[in-house]
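Notes for the one structure printed next.
Just so it is clear: chains get the letters A, B, ... in the order the sequence lines come, proteins before strands, and each one is counted from 1.
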Amino acid sequence: MRPFTYERARSPAEAVAAATRTPGARFIAGGTNLLDLMKLEIEAPAHLIDVNGLALDSIETTPEGGLRIGALVRNTDLAADARVRRDYVLLSRALLAGASGQLRNRATTAGNLLQRTRCPYFYDTNMPCNKRQPGSGCAAIGGFSRQHAVLGTSEACIATHPSDMAVAMRALDAVVETVRADGAARSIPIAEFHRLPGDSPQMETVLAPGELITAVTLPRPVGGRQIYRKVRDRASYAFALVSVGAIIQRDGSGRVALGGVAHKPWRVEAAEAELPRGAKAVADRLLAGARPTQENAFKLPLVERTLGAVLAEARGG
Amino acid sequence: MPKLTLTVNGASHELALDTRTTLLDALREHLHLTGTKKGCDHGQCGACTVIVDGRRINACLTLAVMHEGASVTTIEGLGRPEAPHPMQAAFVKHDGYQCGYCTPGQVCSAVAVLDEIKAGIPSHASADLAASPQVTAAELRERMSGNICRCGAYSNIVDAITEVAGRQA
Ligand SMILES: Cc1cc2nc3c(=O)[nH]c(=O)nc-3n(C[C@H](O)[C@H](O)[C@H](O)COP(=O)(O)OP(=O)(O)OC[C@H]3O[C@@H](n4cnc5c(N)ncnc54)[C@H](O)[C@@H]3O)c2cc1C
Ligand code: SF4
Ligand code: FES
Ligand code: FES
């Protein structure tokens, strides 16, 4: 690990001020992704601003009847919250399908959204990677690409966003709340939060440098059967090959978001109109324009079948 | 170097550490509590599991300086050879290990898992999110999945935890 200085911020204002003041500074929350990458010197911040003391660790009911989830709420606590278990089952299920008990006890809501890709070439500092070192090339294109994206890819990068939680957030129309160095707050709909790789895969979200996530809000509960189905190489403690998060209403309408297929949680609202016609019709729209590699073409039929299983489960009870 | 106070297994320690020191390295290299193991150093194996302020975490993926004032329990704090914790005794009885390298992490994790079930924290294996989770083999396997055992002692580990849970109930 490269040397760095460290401070504990006591308020969001203090945290963003410190981030502006100190070049190369980064926030640290659970640390479960940032420290992993710092050990490999893929991340090398000169200064860490510990945001664990910001008192952003509560879940509040909003005046509209939704939830405001503090940025520092741990994944375990979010998944276990009685309101989430009752009204946002999809979120609880997606969180519980991710990582391990130990990791979820540390991992935070904001950190989870901002976790970086698990592309093996991003992790291997001997290999070219445009995300790690812009302009160096992409070793995954033409390399081992079984885990990689099939949608929204570019000539520069075919990595996926690995979060399970973000898939649920996308289906639930979450909004990311932030504060910037000048004190300005903004609300970013989750659909606009993560970027596709394009020609700058090192830019993963629309956050400005030093912008702090303070909370994630959820609109009023939408009801329906909420199912998160994750397909992975082992039964637990593995990232998704593909995942399907769905909210299906009694009349057959609903919402579907996918994980493991793109640089962001993948949702195509227009595809949801096809729900009454079944999994194939929805998958055809969701996967339109897919550009799989030879190694990950299996993800296309896997999405359709997983969605089929989810729809059957939703009908079943 | 930043100064830090940590309570480890009930004893208070003053440390002056490089900011880069993980909680795992602080325990092993500075406090010489080598029961906690370093397997992967990247959150992938669970060998470094310790209990901090009542919660199990991976000591390798957290900085010591982030835990000013925290209370840490390691395998050494759970029990001693002459007075083992019930979970340690059950691992011995059920042969919940072979080489023993993953064992301190498994035991710390197992103790915390039973607390998590008691606290009603759901898991991926919980069929009904509205119900209180139960101690079943499926629940234990899922909840212990963050602890890898290269020797494959998994089924004996589940037996050991099940026995302790039965006694607690
Ligand atoms: C072995 C292993 C298996 C895993 N398996 C899964 C899995 O199956 N599914 C899954 O979804 N995830 C998985 N994860 C990833 C895990 O969910 C993330 O590491 C975790 O959610 C990151 O949260 P954190 O709080 O620890 O983030 P940190 O590591 O603290 O931070 C991550 C990033 O977010 C930034 N940041 C943190 N808080 C803020 C804030 N408030 N405002 C602005 N920026 C901020 C940091 O600067 C950093 O860039 C796994 C991780 C490991 C190590
Ligand atoms: S897919 Fe993206 S992250 Fe992976 S090597 Fe290519 S540029 Fe890097
Ligand atoms: S050493 Fe910490 S998880 Fe492997
Ligand atoms: S007993 Fe050898 S690794 Fe678990």
Side-chain angles (χ1 to χ4, degrees), chain A residues 1-8 28-40 45 47-48 50-53 74 76-77 79-82 84-107 123 164 226 228 230 232 234-238, chain B residues 1-2 4 17-23 25 40-46 48-68 70 105 108-110 112-113 116-117 119-126 128-131 133 138 141-148:
Chain A
M1 235 188 277
R2 302 278 175 84
F4 56 85
T5 48
Y6 168 88
E7 76 177 280
R8 280 181 210 106
I28 186 162
T32 61
N33 190 230
L34 186 57
L35 288 171
D36 189 12
L37 295 169
M38 283 170 64
K39 288 181 184 196
L40 300 165
H47 184 68
L48 284 185
D50 186 341
V51 295
N52 285 283
R74 308 287 160 182
T76 298
D77 298 318
D81 184 88
V84 176
R85 281 157 80 172
R86 187 187 62 222
D87 297 331
Y88 304 95
V89 170
L90 184 62
L91 179 57
S92 193
R93 286 293 181 196
L95 284 160
L96 295 173
S100 66
Q102 291 96 312
L103 288 161
R104 291 192 299 270
N105 278 344
R106 282 301 287 168
Y123 269 81
D164 292 296
Q226 303 196 0
Y228 188 74
K230 177 174 178 180
R232 42 187 161 174
R234 57 184 183 194
S236 185
Y237 201 23
Chain B
M1 283 200 288
L4 165 79
L17 297 172
D18 187 296
T19 51
R20 289 172 289 185
T21 314
T22 60
L23 180 61
D25 286 341
C40 64
D41 216 18
H42 286 280
Q44 297 170 1
C45 75
C48 65
T49 304
V50 296
I51 301 170
V52 177
D53 296 330
R55 295 189 151 208
R56 57 178 171 145
I57 67 169
N58 304 91
C60 69
L61 282 190
T62 193
L63 296 171
V65 285
M66 295 169 74
H67 295 281
E68 167 61 36
C108 286
S109 209
V113 159
E116 288 167 12
I117 293 176
I121 293 170
S123 88
H124 180 64
S126 310
D128 181 1
L129 282 185
R141 278 198 291 267
E142 164 60 26
R143 290 171 192 265
M144 292 296 292
S145 71
N147 293 84
I148 307 293

Could you tell me whether the side chain of [Y] reaches within less than 4.5 Å of the side chain of [X], counting heavy atoms only?
{"X": "L96(A)", "Y": "L129(B)", "value": "yes"}
{"X": "L61(B)", "Y": "R106(A)", "value": "no"}
{"X": "E116(B)", "Y": "N105(A)", "value": "yes"}
{"X": "R104(A)", "Y": "I121(B)", "value": "no"}
{"X": "K39(A)", "Y": "T22(B)", "value": "yes"}
{"X": "H124(B)", "Y": "S236(A)", "value": "no"}

Less than 4.5 Å to any heavy atom of chain B: does that hold for the side chain of [X], its backbone, both, or neither?
{"X": "R86(A)", "result": "neither"}
{"X": "R8(A)", "result": "side chain"}
{"X": "A97(A)", "result": "both"}
{"X": "A107(A)", "result": "neither"}

Side chain / backbone / both / neither for [X] at chain A, heavy atoms under 4.5 Å:
{"X": "D18(B)", "result": "neither"}
{"X": "P2(B)", "result": "neither"}
{"X": "L63(B)", "result": "both"}
{"X": "D53(B)", "result": "neither"}
{"X": "T49(B)", "result": "side chain"}

Let me confirm one number: the [atom1]-[atom2] distance from [X] to [Y], rounded to the nearest 0.5 Å.
{"X": "L103(A)", "Y": "Q44(B)", "atom1": "CG", "atom2": "CD", "answer": "9.5 Å"}
{"X": "E7(A)", "Y": "T19(B)", "atom1": "CD", "atom2": "OG1", "answer": "12.5 Å"}
{"X": "H42(B)", "Y": "L37(A)", "atom1": "NE2", "atom2": "CG", "answer": "9.0 Å"}

Below 4.5 Å, heavy-atom pairs only: which of [options] has the largest tally toward chain B?
{"options": "L95(A), N52(A), I28(A)", "result": "I28(A)"}
{"options": "D77(A), L48(A), N33(A), T76(A)", "result": "D77(A)"}
{"options": "D50(A), T5(A), L34(A)", "result": "D50(A)"}
{"options": "R93(A), K230(A), M1(A)", "result": "R93(A)"}

Y237(A) side-chain N/O to M144(B) backbone N/O, donor-acceptor pair under 3.5 Å: no
Exercise: identify the closest heavy-atom pair between A79(A) and P122(B):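 Residues A79(A) and P122(B), closest heavy atoms: O-CG, 3.9 Å.
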Contact summary for S109(B) and Q102(A), nearest pair of heavy atoms: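 Scanning both residues, the minimum pair turns out to be OG-NE2, 3.3 Å.
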